[in-house]
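Counting convention: from 1, in listed order, for ligands and their atoms alike.
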Amino acid sequence: MRKIVIAGNWKMNKTLVEASDLVKKLKELVKDIKDRTIIVCPPYPALDAVSREISNSNIELGAQNLFWEEKGAYTGEVSAPMLKAANCVYVIIGHSERRQYFGETDQTVNKKIFAALKHNLFPIVCVGETLDEREANKTFDVIKKQVADGFAGLSADQWEKIIIAYEPVWAIGTGKTATPEQAQEVHAHIRSLLPKEAADGIRILYGGSMKPDNARELLAKPDIDGGLIGGAALKADDFTAIIKSPFDKTQGK
Ligand code: 13P
């Protein structure tokens, strides 16, 4: 059984004080939950404050990005050892917003995955098609290439540390969620592309307008192992409702 992961990607939201307030509320609301992996990914300036707030809690910390070099003259960048020292356990890599606005490619994603793994950070690697690609029936091909190039060269041991997030670009921040059937179809496709030994254990999260009222149906699907949540992660109540969704995997087949 794969443990469900609910991760909040706060994107470029929340100042230091706002971030501390949010996670303080969240900590109280989810304190009794043991059967979910709960992750929050605040912006860099709030990592340390959030990390202090969640020490000795069931919430874990992730970052939203990293650079592949360890240190040096790379103005504005943040490295894996820095994230590790700030108590990050996870790091999001290759989010579609990074690909769209900051020129990230499957090749840079690949370098970042190796940099994260070298420093014992668990990568949460995002893949997903645009609306044009979906409408041109290219979804499966696009994902296949992102997986083949993004994860090139990983050993069996390294695969075990990977979490994948399927985020259809057309569903992010638009209120248009993929239907559970659309998402399941792509999740199953992604799993079929993974090395046999690792495929069963790897968690594949869905991201794209996941909310309290659609989480249950999505999480019921056999290959949907959690969510990477944007907008709804910015409100403690909504994020908690998603975490507590009473889905039933036997109903989702
Ligand atoms: P929304 O939940 O706001 O659509 O964002 C999804 C996402 O991009 C998470 O990484």
Numbering as shown, the atoms of ligand 1 that approach [X] to under 4.0 Å (heavy-atom distance):
X: Gly173; answer: 1 (P), 3 (O), 4 (O)
X: Gly208; answer: 4 (O), 6 (C)
X: Gly231; answer: 1 (P), 2 (O), 3 (O)
X: Asn9; answer: 9 (C), 10 (O)
X: Gly230; answer: 1 (P), 2 (O), 3 (O), 5 (O), 6 (C), 9 (C)

At the 4.0 Å heavy-atom cut-off, does [X] count as touching ligand 1?
X: Ala171; value: yes
X: Ser209; value: yes
X: Lys211; value: no

Can [X] and [Y] be counted as an ion pair, charged N to O under 4.0 angstrom?
X: Arg52; Y: Asp48; value: yes
X: Lys31; Y: Glu28; value: yes
X: Lys138; Y: Asp132; value: no

Parallel, tilted or perpendicular, judged at 30° and 60°: which one describes the rings of Phe67 and Tyr74? tilted

Starting from atom 9 (C) of ligand 1, what is the nearest protein heavy atom, named by residue and atom, and what distance separates them? Glu167 OE2, 2.9 Å

Give me the nearest non-hydrogen protein atom to atom 5 (O) of ligand 1 as residue plus atom name, then the distance to 0.1 Å.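 For atom 5 (O) of ligand 1, the nearest protein heavy atom comes out as Lys11 NZ, 3.2 Å.
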
Sequence-distant partners of Arg134, salt bridge (charged side-chain N to carboxylate O under 4.0 Å, His left out), two or more places apart: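 Residues passing salt bridge (charged side-chain N to carboxylate O under 4.0 Å, His left out) with Arg134: Glu129.
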
With sequence neighbours excluded, what pairs up with Asp238 under the salt bridge (charged side-chain N to carboxylate O under 4.0 Å, His left out) test?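 Expected list: none.
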
Would you tell me whether Asp223 and Gln184 have side-chain atoms, one donor and one acceptor, within less than 3.5 Å of each other?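 There is such a pair between these side chains.
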
